[in-house]
Structure formats: structure tokens, C-alpha cells
Amino acid sequence: MPITGADILCEALVREGVTDLFGYPGGAILPVYDAMLKFPLRHILVRHEQGATHMADGYARATGRVGVAIATSGPGATNMVTGIATAMMDSSPIVCITGQVGSRLIGSDAFQETDIIGITLPITKHNFLVTRPEDVVPVVREAFQLARSGRPGPVLIDITKDAQQLSCEPRWEQTVQVRHQRPLPAPDPQQCSRALDLIASASRPVVLAGQGIMLGDAVREFRAFVDASGIPVGVTLLGIGALPASHPRNLGMMGMHGEAWVNTAIQESDLLIAMGMRFDDRVTGNLKTYAPHARKIHIDIDPAEIGKNVPVDVGIAGDLAEVLRSWMPMLVPPRVSEWIARIDELKGDSAVRDIQQLTDDGHLYAAHVIHDLWRLTNGAAVVATDVGQHQMWEAQYYHHERPRTLITSGGLGTMGFGVPAAIGAKVARPDAEVWAIVGDGGFQMTMAELATIVQEGIDIKIAIINNGYLGMVRQWQEFFYGGRYAATPLVSPDFTKIAGAYGLSARTITARAQVADAVGEARRTPGTVLLDFQVEQEDSVYPMVPAGADLHAMIRRPSPLAETGADV
Ligand SMILES: Cc1ncc(C[n+]2csc(CCOP(=O)(O)OP(=O)(O)O)c2C)c(N)n1
């Protein structure tokens, strides 16, 4: 029986295991919306297509399953661009479906026509233009396969209106050649044995753990390697959760706002073993002075990453779980006791504010809020953040024990990500306690999604770290632009009234003494609750490696004595 391209698309999604999609309708995608009603697909109606892409992304990051976003042509499609680029930079598997004008109108500047294939070419793993219903089955299958395989990433399917309306007999059984997939490289045994030699003879080794450990389902193998080798681990922002924060070998986060001892350990190290990370400039600082004494081993599934930023002694392109499994029988653990003692000594030099010493002086610090939130949720919540100071404080003070529990935009640093990503995570994991920790700036970029929350009955908790500024930019102005606050003071609405207008509960918190009660009440209250934490306005994130500076040249928190002008 011939059926329409729209029906075929919906059935193909169901056959891929899709149960939820995030989207916004319009003329060029209406046949698919009409067909959707017949299929077991939950559609979450967003308020802006950017929100749909971040939701699909949050869904994917929380579970590893492919997230799906859908929109119409023209402005619907272009509104997706930021979310697609965000997913691309962080290797998140999403499939975005956009309607396109009729195939005979393409190139005629038809109403709501835009070349979304051209626009998204550099920010997708691959994209497809579908102009015939016959192509829907193979394209959907290939799109999902591409999104989730190898180094995951976003794939876009642009489908013309006539391809949705015309009918054909779907050939479900046809074998689909995944034409655009690069074959997975097999780990080179010679490189593996060189790596094992370097490991056995290292005296100051550090593992650099990235998100690839989770994306590659290598968490168990990674843990086994760390336990067997005893090598200390620094994590990237997206690598948080790859090893429990409480694991004795987990040193914490590296990089621009990483712990001083992690960055110093990297600079003193004689062997870096990078796994599923990409030596982003935010973790290396000045490449010329980066880890000058260290040999470098780099394992990544994407061969293009190896040697891209940092020259390496051993490069292994391949599946991390497979590499680590092959290493285990031959692994000779290095002698690290002196090195661990040296790192313990470095730990005395914390540049992240010691929370115990941060007494309640009547001010509310973001560090307090996030530390308390961590304790009160037993470190078990899924947290989606926005971008800025609160994001770094989250990484410093919320200690994640499990993989896929921190959902944050690292590579693109996309403000507006937090709330929609939290919604996507909650749809994917209805059992989980999900918090969005956002700034007053980023929240206002996508707060229209509060209506999505209400309409779809989503239960998340939103913590706004409200400092009255575009905080991270203000901090840069304080440090590097003579304290001239150009366009960073931020007037905001009364967020509790905004929440109230949507029928959501909300509360303002201005003192530390109120934090536990407010968080407890929010957790007990069914449905979404918004907490507006009005924190110290001109606090800064420490330590900070200025962009492009040497990794060890960290700006430290001024001591109270220095603040008073006393000689220190
Ligand atoms: C879409 C977008 N625009 C601009 C920026 C640049 N930027 C990075 S952090 C930041 C300030 C964020 O302010 P806020 O959301 O209040 O969070 P805070 O830093 O105060 O925690 C800005 C403007 C960005 N990352 N993303």
C-alpha cells in the first residue's frame, strides 16, 4: 500500500525508537504534523525552535539516545542554527528535521525558503535534502546511524513539502548503505604498546579525561584503568562525571577555571594520557608552554583530533573502551606514590574558595548556593547549566558522582541552553531530579520555554544565580578592561512574578540561612519551581587562567589582607 512521505517519516522515526520530539509547526512541515497524530510520538511544543534543539540535545546528553527536533522551513529552520552548532561542538547526537518548500520552488525565493542545507553544512555531521518520498526510509536510517555512531553529532534532514505529500510504497526491508560514515579506525597495536611502555616508566603521569569516555560508553573500562594504574585524573568540563568526584584519584577540573593543583600537576607532569578530549584552548592555555616536561598520549575516536592542537608522542585513533580493554592484561602500573604525595602537597594550594572558610557574613555567594544544592540533593541530581560564572561555580562546587549528570554547553558556550536542556533531560529521564542552574542573563534568552514547561507538565527545578550582571563578561571587564562595565549591568524583571504569570511557584532567596529551606520546599513541591537566588553582585570565579596565558599563570582570589591594602 502506498503511503505519504509524511507517514513514512513518522513510521521511520518510530522504527528508530523515537518516542519524543521537540518542535514547532509551520506550513512547510504541516503534512508531517498531521501524520504524527497517528503514531505513538509525543510532540513537545516549544516556544522557539532554538529551545527545541537544546531540548533534543539535553535529551541526548542525559541518555545517549538520539534527540529529535522538528521545525518548519525558513525562520523555523534558521532558529535551529544555534542549537545545531552547540550540538556539533559538543558531539551530541541529535537529528533535526526541517520542512522545505516544494521541490519545484527551490531556488525561486519562495515564501519561507532558505537554504538550510548550505547554512548548516559546517555545523552538522551531515545533512540531507529529501525531495522524493522514496528516499525517506534510507535517509532517516542513515541520519540516525550517523548521529549516534563514531564521534556523535547533529544531522539535519530537510524534506520538501511535495516529498511529504506524495505517496510511495515504503521499502522497510531495504538494506541501507551508510554512505557517509567513515570506518571506525582499529587501534594500532604498535602505538598501544608504546603507550604502555610510556605509562610503565612514567613517574608523574596524569590522565586527562574528556566527554568521549561517556560518549564511547567506556566509563567502566576507564574506571578499571584508573584503579589498576593508580594514575591521577584531571577532568575537562564535559568530562565531569566520567569518574566519581569522590574517587580518590579524581583531582577535579582542569583549565581556565580548573583547580590550581590540577593545572600545576599538568604543568609538572612527565606523561599526559588524554582520553576522549580535544585539547581545547580553554584547557591548555598557551600551547607553547603547555605541559613542557610531558610526553603525550592521545586516544580519540576522531583521528582529526589527534595532533590538531597539541603534538603527541603516541596517537591512538579508535574506540576507547576497546583500547582500554586491550591494555589491561599488559598494563604495568607506574610508581606514583611520590607523585601522589606531591599532588597532596599541591592540594594545600586551593585557589577555589574553600567553602568551609566562607562563613555566613550576611552576603549570599553563588558558591554557597551551589555547595548547599549539592549537599541537599545528595549530589545525585541531573544538572543542566547555562553559560557564565554560575556554570563554572557549578563545575567547582557540585560534585558529580555519575556520568551524564552534568549537561552543559562547553564548546560553543551557548547562553540560553540551560532551561531547554533541562526540559529535554527530564523528558528523557522522567525518574531523575533535574535542576537548571542558570544566570539572570542566559535565563532571559530562553525563558519563553516556561510556557512549554506548563503546557507539557514538566517537573524541573530552576535556580537562577542572579547577580544583576552578565557576570562572566563583567569579570573579564574587571580583570582586563579597567573595571569599565560596558553593557554588562543587567536589569531583570521580578522573576517570581514571571513564574507566577505562568502559574509556577517561585521564591526569592537573599541570605544563606534561607537556602536550605527554599531548596527543600522546591524539592517537595510537585511541578516546576523557580528559585531566584540574589547573590553577591561582583563576585568572580577563581582561579582564572587568562585566555592564551600559561596554564600555571593563574589569577588567584585576592586574600582578605590584599583587599584591605595590607602588605602580603
Ligand atoms: C548567546 C551568547 N551570547 C553571548 C555570550 C557571551 N557571554 C558569555 S558569559 C556571558 C554572561 C552570562 O551572564 P549570566 O547569564 O547572567 O550568567 P553569569 O555569568 O552572571 O553567571 C556572556 C554575555 C554567550 N556565551 N552566548
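Note that the structure is predicted; figures quoted are calculated from it, not measured. Numbering of ligands and ligand atoms starts at 1, following listing order.
- By the side-chain hydrogen bond (donor to acceptor under 3.5 Å, both in side chains) test, T114 pairs with no residue at all, sequence neighbours left out.
- Screening residues 367-392 for salt bridge (Lys or Arg N to Asp or Glu O under 4.0 Å), with sequence neighbours left out, gives D372-R375, D372-R512.
- Looking only at atom types and distance, the side chain of Y469 has no donor-acceptor partner in the side chain of E478 under 3.5 Å away.
- Neither side chain, S73 nor E113, offers a donor N or O lying under 3.5 Å from an acceptor on the other.
- In this model, no donor atom of one side chain and acceptor atom of the other lie less than 3.5 Å apart for H390 and E394.
- Residues forming a side-chain hydrogen bond (donor to acceptor under 3.5 Å, both in side chains) with R278 (at least two apart in sequence, or on another chain): D280.
- A heavy-atom cutoff of 4.0 Å around ligand 1 is satisfied by the protein residues V387, G388, Q389, H390, G413, M415, G439, D440, G441, G442, M445, N467, Y469, L470, G471, M472, V473.
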